[in-house]
Structure formats: C-alpha cells, structure tokens
**Q** 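A single structure is presented below for examination.
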Amino acid sequence: GLIANLTRTRPWAEDFLRELANRGCHELLQRQHSLALQRWHAAWKEGLERRALSDESFRGQQFWNAYFENLNKVTWPDFVEAFEHAYGFGQIPLDVLEQLKQLIEPQHGQHAPRSSWNKLLKHHGTVPAMIGE
C-alpha cells in the first residue's frame with residue numbers, strides 16, 4: 001500500500017533533498033524546516049492547553065513517578081516513549097528530541113537520569129518551557 005511505497009521512496013527522497021541543498025536551495029530548505037518546527041511547537045503547546053493537564057503534570061512533577069517510579073536512570077528510548085505518551089500527542093520531531101537529550105544528558109549518553117530531569121524542571125519550571133521554540 002501507500003506506506004510500503006513511501007518507504008521505498010525514502011532513499012530517493014533523501015538524495016533529492018541533498019541535491020536541492022547542493023544547488024543553492026539550502027536556505028529555502030532550512031527556512032521551511034524552521035517553519036515546520038515552529039508550527040509543530042505552536043500546535044503542541046495548544047494541545048497541552050486543550051488537554052488541561054494538572055499543574056503537577058504541566059510542571060513535570062508526576063511524570064517520572066508515573067512512568068519510572070523506582071528508577072534513578074532509564075534508557076533514552078524508554079524516556080522518549082514515555083515523554084511522547086505523556087506530552088507528545090504522537091511522535092515528537094527528532095530535532096526537538098535531540099534538543100531535549102542535550103538538556104538531559106549532554107554527554108550524549110544513552111540514559112536519562114532522574115537527577116537531570118529534576119534539574120531541568122527546577123531550571124525551566126514547566127515542561128513547555130523546557131521545549132523551546
């Protein structure tokens with residue numbers, strides 16, 4: 001079906017985008033990418049507001065206990081899955097996840113420590129503030 005066809009076109013699509021970038025369309029692609037991320041961020045914040053999260057959820061205080069109750073550290077893929085479930089309304093763009101990973105574990109580790117999550121919450125105050133525009 002459609003998904004199988006799109007999967008087969010991915011290598012060509014990536015080559016096409018690389019070629020566009022090499023021919024001077026790099027700035028256009030960057031602007032479009034930035035615009036797409038801004039739109040995602042605005043829709044994400046609106047979704048959080050519509051969902052009417054409790055103050056504790058909004059501030060991220062319940063997140064770790066709800067998903068990783070007795071753990072001090074979790075693998076990055078497990079953290080992403082839980083974060084997307086709690087705050088993502090589907091998949092979160094890779095750029096945003098990479099930004100979050102840098103905030104949580106700047107040494108490019110494959111784990112998310114509870115202590116880093118708590119420091120982020122203390123510094124930013126809320127989950128939306130953590131995920132900058």
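Atom set for the values below is all heavy atoms of this structure, side chains included, hydrogens, waters and symmetry mates excluded.
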**Q** Show me the donor-acceptor pairs within less than 3.5 Å that the side chains of residues 65-77 make with the rest of the protein, sequence neighbours left out.
**A**
from : atom 1 : to   : atom 2 : distance (Å)
N65  : OD1    : R114 : NH2    : 2.4
Y67  : OH     : H85  : ND1    : 2.5
T75  : OG1    : D78  : N      : 3.3
T75  : OG1    : D78  : OD2    : 3.0

**Q** Any chance you could measure T126, atom OG1, to I131, atom CD1, to the nearest 0.5 Å?
**A**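 Here the rounded value is 9.5 Å.
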**Q** Classify the ring geometry between F83 and W117 as parallel (under 30°), tilted (30 to 60°) or perpendicular (over 60°).
**A** perpendicular
**Q** For atom CG of L35, is the number of surrounding heavy atoms from other residues, nucleotides or ligands below 6.0 Å larger than 12?
**A** yes
**Q** With sequence neighbours excluded, tell me which residues meet side chain to side chain contact (heavy atoms under 4.5 Å, CB included) with P93.
**A** L37, W40, V96
**Q** Between atom CD of Q38 and atom NE2 of H33, what is the distance when rounded to the nearest 0.5 Å?
**A** 10.5 Å
**Q** Would you mind reporting whether P128 and Y87 have side-chain heavy atoms less than 4.5 Å apart?
**A** no
**Q** Which atom names give the shortest non-hydrogen contact between L97 and I92, and what distance separates them?
**A** CD1-O, 3.6 Å
**Q** With sequence neighbours excluded, what pairs up with N118 under the side-chain hydrogen bond (donor to acceptor under 3.5 Å, both in side chains) test?
**A**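 Listed in chain order: nothing, the list is empty.
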**Q** How long is the gap from OG on S115 to CD on E105, to the nearest 0.5 Å?
**A**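 The distance works out to 8.0 Å.
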**Q** Do you know which two heavy atoms are closest between F63 and A86, and how far apart they sit?
**A**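 Closest approach of F63 to A86: CD1-CB, 3.8 Å.
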**Q** Among all residues two or more places apart in sequence or in another chain, which pass the side-chain hydrogen bond (donor to acceptor under 3.5 Å, both in side chains) test with Q91?
**A**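 With sequence neighbours excluded, Q91 shows a side-chain hydrogen bond (donor to acceptor under 3.5 Å, both in side chains) to no residue whatsoever.
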**Q** Of all residues at least two apart in sequence or in a different chain, which pass the side chain to side chain contact (heavy atoms under 4.5 Å, CB included) check with E81?
**A** none
**Q** Please evaluate residues K119 and I104 with respect to the criterion side-chain contact (heavy atoms from CB on, under 4.5 Å), reporting the C-alpha separation (whole Å), side-chain torsions for both, the decisive distance (0.1 Å), and the verdict.
**A** CA-CA 9 Å; K119 284 178 195 171; I104 291 177; over 6 Å; no
**Q** What pairs with H124 under side-chain hydrogen bond (donor to acceptor under 3.5 Å, both in side chains), at least two apart in sequence or on another chain?
**A**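 For H124, no residue satisfies side-chain hydrogen bond (donor to acceptor under 3.5 Å, both in side chains) once neighbours in sequence are set aside.
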**Q** Nearest heavy-atom pair of M130 and L121: which atoms, and what distance?
**A**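 Closest pair (atom of M130, atom of L121, distance): CE-CD2, 3.4 Å.
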